[in-house]
Amino acid sequence: METPYRILAKKRAGLPLAEAELRAVAQGAADGSWSDGQLGAFLMAAAIRGLDAAETRAWTVAMLESGERWRLAEVVPRLADKHSTGGVGDKVSLVLAPLLAACGVPVAMLAGRGLGHTAGTIDKLEAIPGVELTLDRRGALALLERCGMAVGLATSAVAPADRRLYALRDVTATVDALPLMVGSILSKKLALGAAGVVFDVKTGSGAFLPGPEEARELARRLVETAEALGTRAAALLTDMSQPLGRWAGHAAEVLEALACLEGGGPDDLREVTFVQCEEVARLVGRPLERAELEAAIASGRARERFDRWIALQGAEPGWEDALRAVVAPHVVPVRAPRAGVLAAADTRQLGLLLAEAGGGRLVPGSTIDHGVALETLKRIGDAVAEGDELARLHLRHPDPGFAARFAECYTLGDESGPAPQLIIWPESNSVD
């Protein structure tokens with residue numbers, strides 16, 4: 001019998017762990033037989049010593065098999081799934097799911113809550129009065145049958161090992177360890193069991209992996225591991241050196257997603273969404289042309305699909321007006337201290353300050369003010385005059401002091417440079 005002591009000593013020495021040993025760790029996390037100290041030691045050893053490709057696959061399977069497997073594509077062929085590594089203003093899931101469903105591509109996603117500088121899809125949707133988002137297999141299949149999309153928060157029966165380990169990764173500084181990220185992400189994606197999944201891996205100042213090389217390596221590992229375990233996959237690297245879209249903040253982001261579904265919305269949000277729709281549709285064997293996506297929006301079908309889905313999730317009548325009323329009423333401008341060109345933004349710090357203002361969750365279990373928001377007015381590369389508004393804060397209570405702290409997140413230069421590349425990699429549909 002492999003004891004925790006033997007397994008930890010082996011990995012500390014840099015030796016590869018066998019499948020049975022990795023299963024023991026995951027099972028110990030799920031059933032409580034491993035202590036927090038033992039699990040923390042494993043996470044640190046895995047982060048420092050690494051897990052090779054075979055270990056990463058075995059670890060992912062062990063995490064996956066610690067709970068339920070839904071295998072939804074066995075019932076709903078050509079089922080699509082999508083995952084983002086998270087950022088500030090990333091509301092792509094809210095647009096992508098109804099848009100694909102309106103084009104005949106069913107979509108299911110197990111979404112999560114935010115922590116730190118990122119906001120989770122579930123938290124955003126909970127700004128809508130009345131919604132209930134806990135999802136089990138039967139509920140997911142019922143939603144797919146009735147509206148072609150199912151987005152929700154998985155029950156505790158899905159990947160229970162990851163639930164415990166993620167919290168420990170947060171306090172042991174191992175959140176950004178690549179093999180641990182792969183196991184955490186894929187244990188939930190593969191538990192759902194879609195026919196194909198597209199990964200949106202963020203890079204830039206607001207990403208968990210700011211450097212493009214690290215982000216690219218994560219993308220490769222996600223795709224290679226998913227495909228080795230039988231799920232078609234592709235990955236994109238997309239820019240998070242500034243907030244995606246114009247708005248960051250829960251209620252405001254839902255409203256911006258609705259605008260996108262109605263044919264408006266900012267260009268960057270639309271483009272990132274369209275590219276991911278095209279990529280995952282190709283993976284599941286139902287390729288879509290850009291014109292089909294645009295037609296689903298122009299005809300109103302995409303917005304209608306969102307409305308049908310959110311009603312099935314329990315949204316109260318008049319929810320959209322109620323959502324608009326949630327947005328915080330006190331507007332505080334964030335102004336440029338001098339003339340120049342907006343050269344950079346500390347996007348991670350913008351997200352942390354937004355959370356500090358009440359619009360996020362800095363520690364698990366804290367309360368969110370869904371109405372707190374940041375409205376971006378200037379993008380990197382834009383010329384600004386002294387006193388121009390770079391952004392606007394929407395706060396529950398007036399606090400001009402926050403504006404100065406937000407202003408410190410922006411760097412002004414004297415010469416214009418190229419705007420950040422929105423879709424960084426791949427340049428084509430290949431993941432090679």
Side-chain angles (χ1 to χ4, degrees), residues 82 84 87-103 105 107-109 111 114 118-133 143 146-153 200 243-277 290 292-329 331 354 359 368-377 392 394:
K82 169 258 179 189
S84 169
V88 179
D90 181 7
K91 72 281 293 179
V92 169
S93 294
L94 303 179
V95 184
L96 176 143
L99 179 53
L100 282 175
C103 293
V105 178
V107 183
M109 286 185 278
T118 66
T121 297
I122 295 300
D123 294 321
K124 296 169 191 178
L125 289 169
E126 285 180 341
I128 299 173
V131 295
E132 170 52 53
L133 296 165
L143 285 168
R146 298 180 69 181
C147 65
M149 60 176 284
V151 180
L153 182 69
D200 179 6
L244 182 62
R246 181 168 176 173
W247 289 90
H250 297 84
E253 287 189 51
V254 177
L255 292 169
E256 185 167 67
L258 295 178
C260 194
L261 289 169
E262 294 170 354
D267 291 343
D268 60 341
L269 173 61
R270 289 170 59 88
E271 182 62 19
V272 171
T273 302
F274 284 162
V275 170
Q276 291 184 50
C277 284
R290 181 67 59 97
E292 294 180 79
L293 296 168
E294 292 173 340
I297 290 175
S299 67
R301 288 185 287 117
R303 172 60 201 265
E304 184 276 334
R305 193 59 60 108
F306 184 97
D307 290 343
R308 191 193 313 178
W309 168 72
I310 206 66
L312 292 170
Q313 295 293 119
E316 298 174 0
W319 63 265
E320 189 172 352
D321 288 339
L323 187 65
R324 294 184 187 282
V326 167
V327 178
V331 180
L354 195 61
I368 290 175
D369 185 333
H370 292 107
V372 170
L374 173 69
E375 182 183 4
T376 298
L377 300 177
R392 291 175 186 154
H394 294 253

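Everything numeric in this text was worked out from a predicted model, so none of it was measured.
Taking CD1 of Ile128 as the start and CG of Leu258 as the end, the distance is 7.0 Å to the nearest 0.5 Å. Here Ile368 contributes atom CD1 and Glu126 contributes atom CD; the two are 8.0 Å apart, rounded to the nearest 0.5 Å. In this structure, CD on Gln313 lies 8.5 Å from CG on Leu125, to the nearest 0.5 angstrom. If you take CG on Leu94 and OG1 on Thr121, they are separated by 5.5 Å, rounding to the nearest 0.5 Å. Atom-to-atom distance recorded for Asp267:CG and Arg246:CZ is 12.5 Å, nearest 0.5 angstrom. Annotation: the span from Leu374 atom CG to Leu354 atom CG amounts to 6.0 Å, rounded to 0.5 Å.
Residues Cys147 and Leu312 have side chains in contact (heavy-atom distance under 4.5 Å, counting atoms from C-beta outward). Counting only heavy atoms from C-beta outward, the side chains of Trp319 and Val131 never approach each other to under 4.5 Å. Looking only at side-chain heavy atoms (C-beta outward), Pro98 and Leu261 come within less than 4.5 Å of each other. Annotation: side chain of Val95 is not in contact with side chain of Phe306 (no heavy-atom distance under 4.5 Å).
The minimum heavy-atom distance between Met149 and Ala97, with the atom names listed, is CE-CB, 3.7 Å. In terms of heavy-atom proximity, Asp268 sits nearest to Pro243 at OD2-O, 4.1 Å. Between Gly265 and Arg270, the shortest heavy-atom distance links the atoms O-CD, 3.8 Å. Scanning both residues, Glu256 and Leu244, for their nearest heavy atoms gives OE1-O, 4.4 Å. Summarising the geometry of Val327 relative to Ala251, their closest heavy-atom pair is CG2-CB, 4.3 Å, with the distance given to 0.1 Å. Annotation for Val107 and Ala101: closest pair CG2-N, 4.4 Å, computed over non-hydrogen atoms.
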Hey, can you pull the donor-acceptor pairs under 3.5 Å for the side chains in residues 293-304, sequence neighbours left out?
| residue | atom | partner | partner atom | Å |
| --- | --- | --- | --- | --- |
| Ser299 | OG | Ala295 | O | 3.0 |
| Ser299 | OG | Ala296 | O | 3.3 |
| Ser299 | OG | Arg301 | N | 3.3 |
| Ser299 | OG | Arg301 | NE | 3.1 |
| Arg301 | NH1 | Ala102 | O | 2.5 |
| Arg303 | NE | Asp307 | OD1 | 2.9 |
| Arg303 | NE | Asp307 | OD2 | 3.3 |
| Arg303 | NH1 | Glu262 | OE2 | 2.3 |
| Arg303 | NH2 | Asp307 | OD1 | 3.2 |
| Arg303 | NH2 | Glu320 | OE1 | 2.6 |
| Glu304 | OE1 | Arg308 | NH2 | 3.1 |
| Glu304 | OE2 | Arg308 | NE | 3.1 |
| Glu304 | OE2 | Arg308 | NH2 | 3.3 |

Residue pair Glu375, Val331: steps toward the side chain to side chain contact (heavy atoms under 4.5 Å, CB included) verdict: CA-CA 10 Å; Glu375 182 183 4; Val331 180; 5.8 Å; no

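Screening residues 247-268 for ring-ring contact (aromatic ring centres under 6.0 Å, His included), with sequence neighbours left out, gives Trp247-His394, His250-His370.
Annotation: Arg290, atom CZ; neighbour count of heavy atoms from other residues, nucleotides and ligands within 6.0 Å is above 12.
Lys91 pairs in a side chain to side chain contact (heavy atoms under 4.5 Å, CB included) with only one of the listed residues (Leu269, Val254, Thr273, Leu255), which is Leu269.
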